[in-house]
Peer 1: 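Questions regarding the structure given below will be posed in turn.
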Amino acid sequence: MTDLTKSPADTVPAGPMVKAEAVHKSYGLVEVLKGIDLEVKQGEVFCLVGPSGSGKSTFLRCINHLEKVNAGRLWVDGELVGYRQKGDKLYELRDREVAMKRRDIGMVFQRFNLFPHMTAIENVIEAPVQVKGESKGDARERAMALLERVGLADKAKNYPSQLSGGQQQRVAIARALAMKPKLMLFDEPTSALDPELVGDVLDVMRGLAEEGMTMIVVTHEMGFAREVGDALVFMDGGVVVESGNPREVLTNPQHERTRAFLSKVL
């Protein structure tokens with residue numbers, strides 16, 4: 001169906017899944033993002049690394065308009081995020097329009113954010129049924145397939161309180177996948193987990209990468225970035241300090257700030 005609200009100014013030529021141009025974000029007088037420029041290709045695993053407070057998570061939240069940018073432009077799959085452009089002016093989309101676009105972007109948070117009063121399978125089917133209007137039967141069938149995919153088919157009827165942190169995070173991934181997103185955002189998905197639970201979550205993410213899912217991953221797991229990542233950006237102080245092939249950046253960083261950071265985490 002043609003979107004009659006879309007103007008030519010809302011699009012960029014087909015190519016990158018995510019494109020950021022001079023993205024700025026401030027909270028009061030505190031400037032968190034100071035002009036981010038980057039591109040994420042279709043099917044790419046794009047890793048964002050850097051110290052706490054560098055703006056990584058804020059940038060991730062801007063991509064699906066959970067945070068509004070103060071300046072610059074963000075596109076996802078050729079469409080402006082959160083705004084419509086007419087002439088030289090930007091007009092913010094209505095909440096309903098933002099929600100419609102956000103359906104195509106899956107996000108996995110640090111703290112799982114599962115509904116505690118729902119079982120694992122109920123968490124997974126909630127959005128397809130309530131947001132997309134799918135039948136409960138169809139949603140449940142696909143939810144079981146997704147839980148099996150993340151190794152938790154036997155936990156379908158368990159509540160979050162009956163699951164380990166790693167299991168809850170894998171349910172959260174299944175929940176995001178249930179909306180059939182074209183882009184997955186991961187905000188430090190293993191940082192809240194006990195070390196022995198990290199591997200299962202990373203294995204699920206590796207599987208998604210192998211299937212060609214476009215992923216932006218804020219992470220401190222440098223091994224994952226090196227093995228699975230196609231591109232890596234090191235951020236500090238709200239700017240991109242260094243970017244490139246993960247193996248090259250992690251092995252031979254060119255910037256002194258990158259070297260100092262990696263010396264503490266590798």
Peer 1: Does Asp37 reach the main-chain N or O of Ala22 with its side chain, forming a donor-acceptor pair under 3.5 Å?
Peer 2: yes
Peer 1: Please identify each residue that fulfils salt bridge (charged side-chain N to carboxylate O under 4.0 Å, His left out) with Lys136, with sequence neighbours left out.
Peer 2: none
Peer 1: Tell me whether Gln167 contacts the main-chain N or O of Leu152 through its side chain, where contact means a donor paired with an acceptor under 3.5 Å.
Peer 2: no
Peer 1: Are Leu177 and Met184 close enough that some pair of their side-chain heavy atoms sits under 4.5 Å apart?
Peer 2: yes
Peer 1: How far does CZ of Arg140 sit from CG of Leu147, to the nearest 0.5 angstrom?
Peer 2: 10.5 Å
Peer 1: So does Glu141 have more than 12 non-hydrogen atoms from other groups sitting under 6.0 Å from CD?
Peer 2: no
Peer 1: Counting only heavy atoms not in Glu92, do more than 12 fall under 6.0 Å of its CD?
Peer 2: yes
Peer 1: If I take atom CZ from residue Phe224 and atom OG1 from residue Thr190, how far apart are they, to the nearest 0.5 angstrom?
Peer 2: 9.0 Å
Peer 1: Judged by atom type as modelled, is there a donor-acceptor pair below 3.5 Å linking the side chain of Arg103 to the main-chain atoms of Met179?
Peer 2: no
Peer 1: Under a 3.5 Å distance rule, please check whether Arg84 uses its side chain to pair with a backbone N or O of Tyr91 as donor and acceptor.
Peer 2: no
Peer 1: Less than 4.0 angstrom from a charged side-chain N to a carboxylate O is my criterion; do Arg257 and Glu242 meet it?
Peer 2: no
Peer 1: Have Glu67 and Thr58 got a donor and an acceptor in their side chains that come within less than 3.5 Å?
Peer 2: no
